[in-house]
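Data block below; observations after.
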Amino acid sequence: MEPPPCAADNLKRLWQGMQNGKEIVVLRHTNTNQEKGWVCDASDTDCWLQVDLGASRLITAIETAGRGSVALYYVTKFQLRMSQDGSTWTLYGQNGNPKIFDGNTNSYDKVLNCLETPIATRFVRLYVTNYVSYPVVRWELYSCSTDPIPTILSSGVSYTTEDVLPISYKVPRSARSATPNDIVDGDPTSCIRIPSSADSTVDPTVDPTVDLVDPTVDPTVDPTVDPVNPTVDPTVDPVDPTVDPTVDPTVDPVDPTVDPTVDSVDPTVDPTVDPTVDPTVDPTVDPTGESNVDLKFQLEGYVVNGYVPIVSLGEIDIQCGDQNVQAMVQENILGTCSPIFKVCSVAEGVDGCRVNCSAEMTTQKFTMQVSMMSFEHIDASLCEVKTVY
């Protein structure tokens with residue numbers, strides 16, 4: 001798994017610079033690596049600035065700095081408000097209490113505040129509550145790598161990150177083997193094939209072009225042609241050339257009306273039926289209950305606002321429904337001695353099949369089990385797995 005959201009090496013900049021919350025005017029030289037910054041009128045008792053991230057993003061940290069010059073202009077205390085629509089705002093808090101962040105102690109040094117509870121939001125406002133000389137601030141918002149980490153489960157073996165998957169997971173006509181990272185690398189062209197029921201009777205490790213009895217046999221050579229003398233007619237019996245190759249040796253020369261496929265003792269016996277095989281048993285079903293005709297994987301990711309986020313499965317040629325996609329997540333219930341597993345709902349979304357678990361979590365991370373099934377003779381693939389806020 002990735003380090004916790006507050007780890008410095010896991011932060012990525014969402015947006016830098018700022019806008020004047022009152023006039024929505026973009027200012028220059030406002031990130032924490034340059035001097036100057038945003039300032040509001042010192043007489044303004046409702047001093048704030050706002051940013052629109054364009055879409056809902058997971059905020060995990062905020063970094064602030066003062067003006068960055070010889071002048072002592074910086075903010076010492078501030079609060080944050082969040083909104084999804086720009087109209088309804090929520091004051092950020094912890095443990096049910098509004099959070100007042102400690103800002104800067106001078107104009108130069110940067111101060112990083114990590115959010116103990118990451119927030120998914122589109123709009124962010126910074127409210128100045130205390131400052132020195134003038135309320136001048138430079139700021140940057142951060143998120144972290146929140147894509148879920150996949151583990152592919154196949155025949156009792158777990159494959160993670162760059163592990164090479166069995167050949168049955170390789171996308172047809174692909175020049176490379178499949179790995180678990182193919183579904184979280186952000187590249188929609190790198191996929192994992194979903195094995196179909198047609199694969200259940202085929203050993204995926206066997207090359208069908210190789211002779212199992214003699215691997216040295218060249219499959220491109222016609223075995224009916226004499227390699228020493230290609231002009232020899234293979235239909236002529238070399239021992240007795242008078243034998244007519246057009247005569248069926250299974251036909252009784254005395255009584256041609258006799259059917260050799262009929263049991264002379266019990267004519268009701270069907271010679272095409274194997275008496276050792278139980279016709280009621282489906283040979284494509286593993287008697288142990290383990291299915292090897294689907295894609296099973298586990299996702300580990302971060303909880304957002306106390307809940308498991310929606311997970312989008314970007315698939316190709318598979319119908320999104322309970323018959324094809326099944327998922328469940330371990331849910332923590334207060335007042336119980338052990339966790340329970342909750343079945344998640346699936347529905348078609350704009351970016352693929354969406355898995356919605358609606359599970360409340362008391363931990364920072366979640367574990368989700370997903371199974372995707374394909375039909376016989378359909379090449380279905382899973383290409384992109386991501387969280388939706």
Side-chain angles (χ1 to χ4, degrees), residues 5-6 11-28 30-32 37-66 73-104 110-132 134-144 146 302-310 350 356 358-362 364 387-389:
C6 217
L11 291 175
K12 63 180 180 180
R13 180 181 291 111
L14 278 182
W15 173 88
Q16 69 177 28
M18 54 211 58
Q19 295 176 322
N20 185 317
K22 298 304 179 72
E23 299 177 359
I24 314 299
V25 176
V26 177
L27 303 180
R28 300 179 61 190
T30 52
N31 67 62
T32 55
W38 174 89
V39 60
C40 70
D41 193 326
S43 62
D44 191 346
T45 58
D46 186 28
C47 188
W48 55 266
L49 57 141
Q50 171 183 316
V51 63
D52 179 0
L53 298 174
S56 184
R57 305 294 296 272
L58 188 66
I59 308 298
T60 59
I62 177 172
E63 183 181 74
T64 60
Y73 300 154
Y74 54 92
V75 172
T76 59
K77 301 285 184 181
F78 64 91
Q79 291 182 303
L80 295 177
R81 290 184 184 270
M82 316 292 188
S83 175
Q84 291 287 9
D85 57 10
S87 299
T88 304
W89 295 86
T90 301
L91 183 63
Y92 179 81
Q94 293 173 352
N95 301 320
N97 300 314
K99 170 69 175 179
I100 298 179
F101 293 89
D102 291 325
N104 301 88
K110 304 172 187 177
V111 173
L112 180 68
N113 277 282
C114 292
L115 306 187
E116 292 185 13
T117 304
I119 294 293
T121 186
R122 173 176 172 175
F123 297 89
V124 181
R125 281 184 182 178
L126 184 150
Y127 283 78
V128 177
T129 59
N130 207 348
Y131 59 90
V132 171
Y134 283 94
V136 179
V137 66
R138 294 173 289 152
W139 70 332
E140 293 183 0
L141 295 175
Y142 290 90
S143 183
C144 63
T146 57
Y302 288 110
V303 173
V304 179
N305 299 347
Y307 286 85
V308 175
I310 295 174
V350 294
N356 189 350
S358 300
E360 187 173 4
M361 307 294 288
T362 58
Q364 278 193 332
T387 50
V388 181
Y389 305 118

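All of these numbers come straight from a predicted model, not from anything done at the bench.
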Between Leu80 and Ile119, is any pair of side-chain heavy atoms under 4.5 Å apart?
no

Which distance, rounded to the nearest 0.5 Å, do you find between the OG1 of Thr64 and the CD of Glu140?
10.5 Å

Closer than 3.5 angstrom, by distance alone: can the side chain of Asn113 be matched with the main-chain N or O of Gly103 as a donor-acceptor pair?
no

Arg125 side chain to Gln50 side chain, donor-acceptor N/O pair below 3.5 angstrom:
yes

Please state whether the rings of Phe101 and Phe78 are parallel, tilted or perpendicular, taking 30° and 60° as the class boundaries.
parallel

For residues Pro135 and Val128, report the shortest heavy-atom separation together with the two atoms involved.
CB-CG1, 4.0 Å

Taking atom OH of Tyr127 as the centre, does the number of heavy atoms from other residues, nucleotides or ligands within less than 6.0 Å exceed 12?
yes

If I compare all heavy atoms of Arg122 with all of Gln84, which pair ends up nearest, and what's the gap?
N-OE1, 3.5 Å

Val124 and Met82: CA distance, side-chain angles, deciding distance, side-chain contact (heavy atoms from CB on, under 4.5 Å) verdict:
CA-CA 5 Å; Val124 181; Met82 316 292 188; 4.1 Å; yes

When rounded to the nearest 0.5 Å, the distance separating CD1 of Ile59 from OH of Tyr142 is 12.0 Å

Give the minimum heavy-atom separation between Tyr307 and Ser358, together with the two atoms involved.
CD2-C, 4.3 Å

Counterpart residues, side chain to side chain donor-acceptor pair (under 3.5 Å), relative to Ser83 (two or more places apart)
Asp85

Report the distance from atom CG of Asn97 to atom OH of Tyr92, rounding to the nearest 0.5 Å.
12.0 Å

Which value, rounded to the nearest 0.5 Å, describes the distance between Trp89 atom CH2 and Thr121 atom OG1?
7.0 Å

dist Leu126:CG -> Cys47:SG (nearest 0.5 Å) comes out at 9.0 Å

Has the side chain of Arg138 got a donor or acceptor atom that lies under 3.5 Å from a matching backbone atom of Gly66?
yes

Enter the distance from Glu63:CD to Leu112:CG here, rounded to the nearest 0.5 Å.
6.0 Å

May I ask you to test the Leu141-Leu53 pair for a side-chain heavy-atom distance under 4.5 Å?
yes

Test side-chain contact (heavy atoms from CB on, under 4.5 Å) on Lys77 and Asp102; report intermediate values, then the result.
CA-CA 5 Å; Lys77 301 285 184 181; Asp102 291 325; 2.3 Å; yes

Determine whether Val75 and Trp139 make a side-chain contact, defined as any pair of heavy atoms from C-beta on separated by less than 4.5 Å.
no

